[in-house]
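Keep in mind that this is a model prediction, so the values were computed, not measured. Values below: all heavy atoms of this structure, side chains included; hydrogens, waters and symmetry mates excluded.
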Amino acid sequence: MISTWSEWKRYPRAARGENIEAPISPGIYEVRYASTGALHSFGAVDNVAQALALLAVGSKSWFGRREPAETPDLEYRTCATSSKADAKAAAERMIGRRETYMSGAA
């Protein structure tokens, strides 16, 4: 069973002590660039909060740890499911709908 999507939330910045607000359960997440709405990442996972926490959102600095890497302005939303299988099925349906829309829009 799939629940509804959460509202879009600004991706937290660790330097400011902000936290991710996401279910600690199976589900789907979507991360996008706030300025353009372009997709950054999408996935069906066992633990949504953990997946978002481990997501690489900053660019790597050429100078290692000396200079902070610029973090893009991202926002995310989540959708909890009862199992990872439900999350995968819902994600596949969403991908299919996007592909159908994009092929018709081209």
Side-chain angles (χ1 to χ4, degrees):
M1 180 175 172
I2 188 169
S3 64
T4 59
W5 282 100
S6 69
E7 295 294 320
W8 286 101
K9 299 172 187 165
R10 190 169 131 191
Y11 205 87
R13 295 182 180 153
R16 294 185 179 175
E18 299 170 345
N19 296 312
I20 291 173
E21 296 175 23
I24 304 172
S25 64
I28 306 167
Y29 68 88
E30 185 174 14
V31 180
R32 69 180 182 183
Y33 294 94
S35 59
T36 63
L39 185 65
H40 176 278
S41 56
F42 174 82
V45 294
D46 282 324
N47 184 324
V48 179
Q50 182 180 31
L52 287 171
L54 296 174
L55 194 65
V57 296
S59 58
K60 301 280 185 189
S61 171
W62 285 94
F63 303 105
R65 297 181 189 181
R66 292 186 196 158
E67 295 184 24
E70 185 69 26
T71 303
D73 189 23
L74 300 174
E75 51 189 12
Y76 70 98
R77 66 180 182 164
T78 62
C79 181
T81 60
S82 56
S83 68
K84 187 174 180 183
D86 288 345
K88 282 186 173 184
E92 287 172 7
R93 283 192 306 273
M94 290 177 69
I95 290 168
R97 279 189 248 148
R98 282 186 183 178
E99 289 173 353
T100 301
Y101 173 78
M102 294 307 285
S103 66

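By the rule that hydrophobic residues join a cluster once side-chain heavy atoms approach within less than 4.5 Å of another member, Tyr11 and Trp8 end up as members of separate clusters.
Every residue was checked against the side chain to side chain contact (heavy atoms under 4.5 Å, CB included) condition with Glu92, not counting sequence neighbours, and none meets it. Taking the salt bridge (charged side-chain N to carboxylate O under 4.0 Å, His left out) definition, one finds that Lys9 meets it with Glu21, sequence neighbours left out. Partners of Asn47 according to the side chain to side chain contact (heavy atoms under 4.5 Å, CB included) rule, which considers only residues two or more places apart in sequence or in another chain, are Ile24, Ala49, Gln50.
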message: Quick one, Ser41 with Tyr29, criterion side chain to side chain contact (heavy atoms under 4.5 Å, CB included). Give me CA distance, side-chain angles, the key distance, then yes/no.
response: CA-CA 8 Å; Ser41 56; Tyr29 68 88; 3.8 Å; yes
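Using modelled atom types, no side-chain atom of Thr81 and backbone atom of Asp86 make a donor-acceptor pair closer than 3.5 Å.
Nearest heavy-atom pair across Val48 and Ala22 is CG1-CB, 4.0 Å. Residues Leu39 and Val31 come closest through the heavy atom pair CD1-O, 3.6 Å. Contact detail for Ala87 and Gly27: the closest heavy-atom pair is CB-O, 3.5 Å. Across all their heavy atoms, Pro26 and Ser83 have their closest contact at CB-C, 3.5 Å.
Phe42 has its side chain within reach of Met94: a pair of non-hydrogen atoms, C-beta onward, lies under 4.5 Å apart. Side-chain contact between Leu52 and Thr78 is present, with heavy atoms from C-beta onward closer than 4.5 Å.
To the nearest 0.5 angstrom, Glu7 atom CD is 11.0 Å from Glu75 atom CD. Considering NE2 of His40 and CG of Leu74, their distance stands at 5.0 Å, rounded to 0.5 Å. Atom OH of Tyr76 is separated from atom CD1 of Ile20 by 6.0 Å, given to the nearest 0.5 angstrom.
Between Glu30 and Arg77 there is a salt bridge, with a side-chain nitrogen of the basic residue lying less than 4.0 Å from a carboxylate oxygen of the acidic one.
Other residues, nucleotides and ligands contribute over 12 non-hydrogen atoms within 6.0 Å of the NZ atom of Lys84.
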